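Taking it in order: structure first as structure tokens, then the write-up.
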Protein chains: 2
Amino acid sequence: MSTAQGARARARIEVTAAIKDAARRQLAAEGAAKLSLRAVARELGMVSSALYRYFPSRDDLLTALIIDAYDSLGEAAETAHAKAAATDHVRRWTTVCEAVRAWALAHPHEYSLIYGSPVPGYAAPETTVPAAARVGLLLIGIVRDAARDPGLAGLPLPAELRPEGERMVRDLAPDLPPGAAVALVAAWAQLFGLVGFELFGQFHRVVEDREAFFRHAAARLARDVGLVHR
Amino acid sequence: MSTAQGARARARIEVTAAIKDAARRQLAAEGAAKLSLRAVARELGMVSSALYRYFPSRDDLLTALIIDAYDSLGEAAETAHAKAAATDHVRRWTTVCEAVRAWALAHPHEYSLIYGSPVPGYAAPETTVPAAARVGLLLIGIVRDAARDPGLAGLPLPAELRPEGERMVRDLAPDLPPGAAVALVAAWAQLFGLVGFELFGQFHRVVEDREAFFRHAAARLARDVGLVHR
DNA sequence: CCGAAAAGAGAGCACTGCTCTTGTGCGAGA
DNA sequence: TCTCGCACAAGAGCAGTGCTCTCTTTTCGG
């Protein structure tokens with residue numbers, strides 16, 4: 001059986017978790033670039049080489065943290081979303097947007113890790129894809145519900161983008177009008193543009209009341225994906 | 001006089017330029033995290049310590065590269081913009097957007113440096129501000145011209161954002177309607193969200209025809225800031 | 001119970017940013 | 001024109017990094 005593990009296996013997952021915890025602490029404190037395997041090992045009272053029994057390289061540890069970060073963000077978004085009235089699609093949308101922003105402000109270095117520039121020569125492995133998709137799926141669900149309800153304004157789609165929109169609908173967002181699918185992807189990217197600019201300091205001396213500014217921008221994004229009140 | 005420098009001063013600026021060139025090559029090849037002072041020194045046939053006569057630290061070298069990158073992007077945008085008809089504000093807008101995207105795709109690591117996550121514990125010094133503002137100023141100019149022309153649709157601004165909008169107009173975009181100023185800043189951030197998502201791989205298996213997708217999104221951004229054809 | 005596998009410890013390699021000390025050649029002032 | 005000072009270069013060295021290798025200890029399964 002897999003539940004009744006020996007002490008060995010149990011210790012392994014405990015140590016693995018401890019390593020990730022320590023690494024996450026360092027990440028939060030200093031950022032990804034200063035995350036050091038040796039420092040993590042020191043904090044845990046082990047020697048650095050021992051750590052390689054758990055993560056074959058620094059990049060693998062980073063990958064684990066990336067997946068966790070995606071999951072944490074996804075869960076934060078889903079939790080917030082669950083509290084919004086299921087009938088008000090605009091409110092659902094803005095709630096998710098604000099949850100993303102709040103999570104980013106609370107976990108800046110983790111946000112950088114997943115939505116900032118990809119680290120060194122590092123290419124995110126396929127493993128991260130499911131976790132990365134969570135927020136996107138949430139947004140798709142909102143727009144889909146609105147399309148059914150129906151509280152979705154018609155969205156124009158130029159002819160040259162029609163194939164692309166239909167492919168999106170087929171591959172990732174069934175039951176969505178192609179125009180909404182394209183608009184949704186754009187809004188999704190734009191949402192993270194807003195968050196990233198605020199977090200990375202581009203709004204320095206440009207936007208002061210960032211809370212209100214973001215709320216307004218998120219509401220406009222809702223309109224851009226065709227969501228309308230009621 | 002400042003033009004007739006001695007050989008010494010001339011050598012200094014030449015060496016400084018050579019260091020930046022070599023560093024830029026490494027940056028383009030491997031990314032900011034792998035940019036190494038020692039490797040730069042090796043490439044130039046000097047010893048690593050000699051390099052500190054020109055840049056007091058690795059971060060200072062990076063800062064110089066950041067400023068150059070902002071300038072390069074700004075110049076690319078301005079050059080493209082100059083070729084667009086001065087009367088078609090939508091076209092001017094999309095031209096600048098596409099120039100930004102093209103520059104980013106051509107210089108991914110430099111783009112990461114300026115619009116990705118800020119490196120280590122590094123906070124961009126004030127020196128970078130003027131260079132960083134170039135693209136923004138360009139966009140402000142377009143919207144301002146449109147507001148005069150008049151080819152600017154009215155933009156609603158909720159009461160809670162009115163002070164913010166008025167401050168923006170006062171501090172950075174005189175002669176703009178407050179609603180347009182707020183919308184412009186949002187569109188500016190959203191533009192870089194689109195570019196960043198494409199560049200950093202978030203569109204993997206999501207957007208295929210990225211050229212067309214971006215063109216469409218940029219046109220919608222133009223509409224969002226109130227630009228209308230003719 | 002005992003052999004295999006897993007885990008930890010330690011030394012070591014090649015690399016990094018950065019500092020300090022020691023020459024050396026250019027150039028501006030007397 | 002000479003000379004003193006300073007900018008520059010070179011080298012050694014320190015503390016830190018990721019990662020590998022070897023050796024010992026611990027633990028588990030047949």
Side-chain angles (χ1 to χ4, degrees), chain A residues 1-20 22-23 25-27 29-66 113 118-123, chain B residues 1-20 22-23 25-27 29-66 113 118-123:
Chain A
M1 5 221 89
S2 61
T3 55
Q5 307 259 358
R8 187 152 224 161
R10 174 184 318 268
R12 190 171 219 305
I13 56 180
E14 268 173 21
V15 174
T16 305
I19 292 173
K20 286 209 287 185
R25 267 193 299 278
Q26 283 199 18
L27 176 64
E30 301 271 18
K34 293 205 174 168
L35 183 141
S36 142
L37 280 188
R38 294 179 109 113
V40 170
R42 261 194 309 270
E43 186 175 328
L44 298 180
M46 28 170 42
V47 95
S48 73
S49 59
L51 217 143
Y52 285 82
R53 302 264 175 211
Y54 298 87
F55 295 93
S57 79
R58 183 181 180 277
D59 276 2
D60 290 273
L61 176 54
L62 229 35
T63 301
L65 294 183
I66 286 176
L113 198 58
V119 282
Y122 171 89
Chain B
M1 12 216 86
S2 63
T3 55
Q5 307 258 359
R8 188 150 222 160
R10 176 185 313 268
R12 186 172 179 65
I13 58 180
E14 268 173 21
V15 173
T16 306
I19 292 173
K20 286 209 289 186
R25 268 194 299 277
Q26 283 199 19
L27 175 64
E30 301 271 17
K34 293 205 175 170
L35 183 141
S36 143
L37 279 188
R38 294 180 107 111
V40 169
R42 261 193 310 269
E43 186 177 327
L44 298 180
M46 27 170 43
V47 94
S48 74
S49 59
L51 217 141
Y52 285 82
R53 300 263 171 205
Y54 299 88
F55 294 93
S57 81
R58 182 180 180 278
D59 276 2
D60 290 273
L61 177 54
L62 268 181
T63 301
L65 294 182
I66 286 176
L113 198 57
V119 283
Y122 170 89

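So you know, we letter chains A, B, ... as the sequences are listed, proteins then strands, and number each from 1. As the structure is a computational prediction, the values presented were derived from the model and not from experiment.
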Closest heavy-atom pair, B/Gln26 versus B/Ala39, reported as atoms and distance to 0.1 Å, is NE2-CB, 3.0 Å
Closest of C/dC20, D/dA9, C/dC18 to the B/Ser49 side chain is C/dC20
Sorted by chain and number, sequence neighbours left out, side-chain hydrogen bond (donor to acceptor under 3.5 Å, both in side chains) with B/Arg25 holds for B/Glu43
Requested in this report: Decide whether A/Asp60 and A/Ser57 meet the rule of one side-chain donor and one side-chain acceptor closer than 3.5 Å.
Outcome: yes
ask   = OP1, OP2 of C/dC15 versus side-chain N and O of B/Arg42: anything below 4.0 Å?
value = no
Looking at D/dT17, I'd like to know if its phosphate oxygens (OP1 or OP2) sit under 4.0 Å from a side-chain N or O belonging to B/Arg38.
no
Requested in this report: Could you check if a side-chain atom of B/Thr16 sits within less than 4.5 angstrom of a side-chain atom of B/Phe55, using non-hydrogen atoms only?
Outcome: yes
Notebook entry, point to check: With sugar-phosphate meaning primed atoms plus P, OP1 and OP2, does A/Phe55 contact a base, only sugar-phosphate, or nothing at under 4.0 Å between heavy atoms?
Noted result: nothing
Rounded to whole Å, the CG-P distance (B/Leu51 to C/dC18) equals 11 Å
Of all heavy-atom pairs linking B/Leu61 and B/Ala23, the shortest is CD2-CB, 4.0 Å
According to a strict under-4.0 Å criterion, is B/Tyr52 in side-chain N/O contact with OP1 or OP2 of D/dC8?
no
Exercise. NA contact type, B/Ser48, heavy-atom cut-off 4.0 Å: base, sugar-phosphate, or nothing?
Worked result: base
Between CD of A/Glu30 and P of D/dG16 the distance, given in whole Å, is 14 Å
When rounded to whole Å, the CD1 to C1' distance for the pair B/Ile13 and D/dC8 reads 16 Å
TODO: Please tell me if the side chains of A/Val15 and A/Leu44 come closer than 4.5 Å, counting only heavy atoms from C-beta onward.
DONE: no
Rounded to whole Å, CG of A/Leu44 lies from P of C/dG8 at a distance of 10 Å
In 5'-to-3' order, the base (B), backbone-only (S) or no-contact (-) status of each nucleotide in nucleotides 22-30 of chain D, using a 4.0 angstrom heavy-atom cut-off, is ----BBS--
When rounded to whole Å, the CE to P distance for the pair B/Met46 and D/dA10 reads 7 Å
Atom CZ of A/Arg10 and atom C1' of C/dA6 are separated, to the nearest Å, by 17 Å
To the nearest angstrom, the CZ-P distance between B/Arg12 and C/dG27 comes to 14 Å
Give one of base, sugar-phosphate or nothing for B/Leu35, where a contact means two heavy atoms less than 4.0 Å apart. sugar-phosphate
In whole angstroms, the gap separating P of D/dG16 from CZ of A/Arg58 amounts to 17 Å
- Do the side-chain N or O atoms of B/Ser36 get closer than 4.0 angstrom to the phosphate oxygens (OP1, OP2) of C/dT16? yes
Keeping B/Arg53 on the side-chain end and B/Arg12 on the backbone end, is there a donor-acceptor pair under 3.5 Å? no
